[in-house]
Amino acid sequence: MEKAFGKTPLLLCLWSIFMQFSRMSGLAINELLYFRVISPEDIRYIFSAAPAKDFGGHFRSSYDEIFLVPADPADGCSALTNGEIIQGQIILVERGGCSFVQKARHAEEAGGKAVLIADNAVDNDSQYLDMVTDGSTTRPSIPALFLLGRDGMMIRRSLQRRALPWAVISIPVNVSSLASFPLNQPPWTVW
């Protein structure tokens, strides 16, 4: 009994730290969505992304194997020129140059099923941003997710090194169902 009470202050301290971190990041754990990269193998990890706060849709289906295609232009601020491989896939866009809503709208117009907007701060491995509407009346209906900058950079770098036009991913992934499966997070990301 004495051992159980000795652990209580430690658990309370850890819970307090966790809650402070959650408030700093602006998100609670249940607000993140997870996806798994299947290939290329060097980035075969489970990544987390934060859904947009007040625009975009929700995943109505789960995709066991779908392409994650980098947008061209990378910032997604104008019509995407690689539409032939984007159609029906998930689009990877870089932050900056225009609003999150414009990026998501261009991805949707190109036929994307969802858009992952990677932070342009490539050293960002822990701070999620709240993606909010830009005040425009036309809002995209596809899911829009914010991806940490380091994660986006590592995915793009892997594709560039291998001269691949896309990564193969599963999205969304229910991480609570992976008890018998190793939760393989990126080694550079704070979880």
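The hydrophobic clustering, which links ILVMFWY residues whose side-chain heavy atoms are closer than 4.5 Å, places Val132 and Leu32 apart.
Note that CD1 of Ile86 and CD of Glu109 are 12.0 Å apart. Values are rounded to the nearest 0.5 Å. To the nearest 0.5 Å, atoms CZ (Phe146) and CG (Asp130) are separated by 9.5 Å. Taking CG of Leu33 as the start and NE2 of His58 as the end, the distance is 11.0 Å to the nearest 0.5 Å. With values rounded to the nearest 0.5 angstrom, Phe55 atom CZ is found 7.5 Å from Ser99 atom OG. Atom CE in Met153 sits 10.5 Å away from atom CG in Asn124 (nearest 0.5 Å).
The closest side-chain heavy-atom distance from Lys103 to Cys77 is below 4.5 Å. Proximity of Ile169 to Arg36: side-chain heavy atoms (C-beta onward) are nowhere separated by under 4.5 Å. For the pair Leu80/Pro73, a side-chain contact is recorded, criterion being any heavy-atom separation below 4.5 Å from C-beta on. In this structure, the side chains of Ile171 and Leu68 stay at 4.5 Å or more apart for every pair of heavy atoms. Taking 4.5 Å as the limit, some side-chain heavy atom of Phe35 sits within range of a side-chain heavy atom of Leu147. You'll find the side chain of Ile85 stays beyond 4.5 Å of the side chain of Phe67, heavy atoms only. Using a 4.5 Å cut-off on side-chain heavy atoms (C-beta onward), Lys113 and Ser61 make no contact. Between Val101 and Pro140, some side-chain heavy-atom pair lies under the 4.5 Å cut-off.
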Would Arg44 and Ile38 count as a side chain to side chain contact (heavy atoms under 4.5 Å, CB included) if you check the C-alpha gap in whole Å, the side-chain angles of each, and the deciding distance to 0.1 Å?
CA-CA 6 Å; Arg44 203 174 202 174; Ile38 298 167; 4.0 Å; yes
What do the steps show when you test Lys53 against Glu31 for salt bridge (Lys or Arg N to Asp or Glu O under 4.0 Å), and what is the final call?
CA-CA 10 Å; Lys53 289 293 181 189; Glu31 293 180 2; 3.0 Å; yes
Please step through side chain to side chain contact (heavy atoms under 4.5 Å, CB included) for the pair Phe47 and Leu116, ending with a clear verdict.
CA-CA 11 Å; Phe47 294 88; Leu116 291 174; over 6 Å; no
What do the steps show when you test Phe59 against Leu145 for side chain to side chain contact (heavy atoms under 4.5 Å, CB included), and what is the final call?
CA-CA 11 Å; Phe59 281 95; Leu145 307 162; 3.9 Å; yes
The test is side chain to side chain contact (heavy atoms under 4.5 Å, CB included); show your working for Leu159 and Trp166 and say whether it passes.
CA-CA 7 Å; Leu159 296 176; Trp166 57 68; 5.6 Å; no
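Remark: Thr81 pairs with Asp72 by the side-chain hydrogen bond (donor to acceptor under 3.5 Å, both in side chains) rule, at least two apart or across chains. Checked against side-chain contact (heavy atoms from CB on, under 4.5 Å), Ser39 has the following partners two or more places apart in sequence or in another chain: Val168.
When all heavy atoms are compared, the tightest approach of Asp42 to Ser158 is OD1-OG, 2.7 Å. Closest approach of Pro70 to Pro165, counting heavy atoms only: CD-O, 3.4 Å.
Within the structure, the side-chain hydrogen bond (donor to acceptor under 3.5 Å, both in side chains) test picks out the following pairs touching residues 83-98 (sequence neighbours left out): Glu94-Arg156, Arg95-Asp119.
Neither side chain, Asp54 nor Thr133, offers a donor N or O lying under 3.5 Å from an acceptor on the other.
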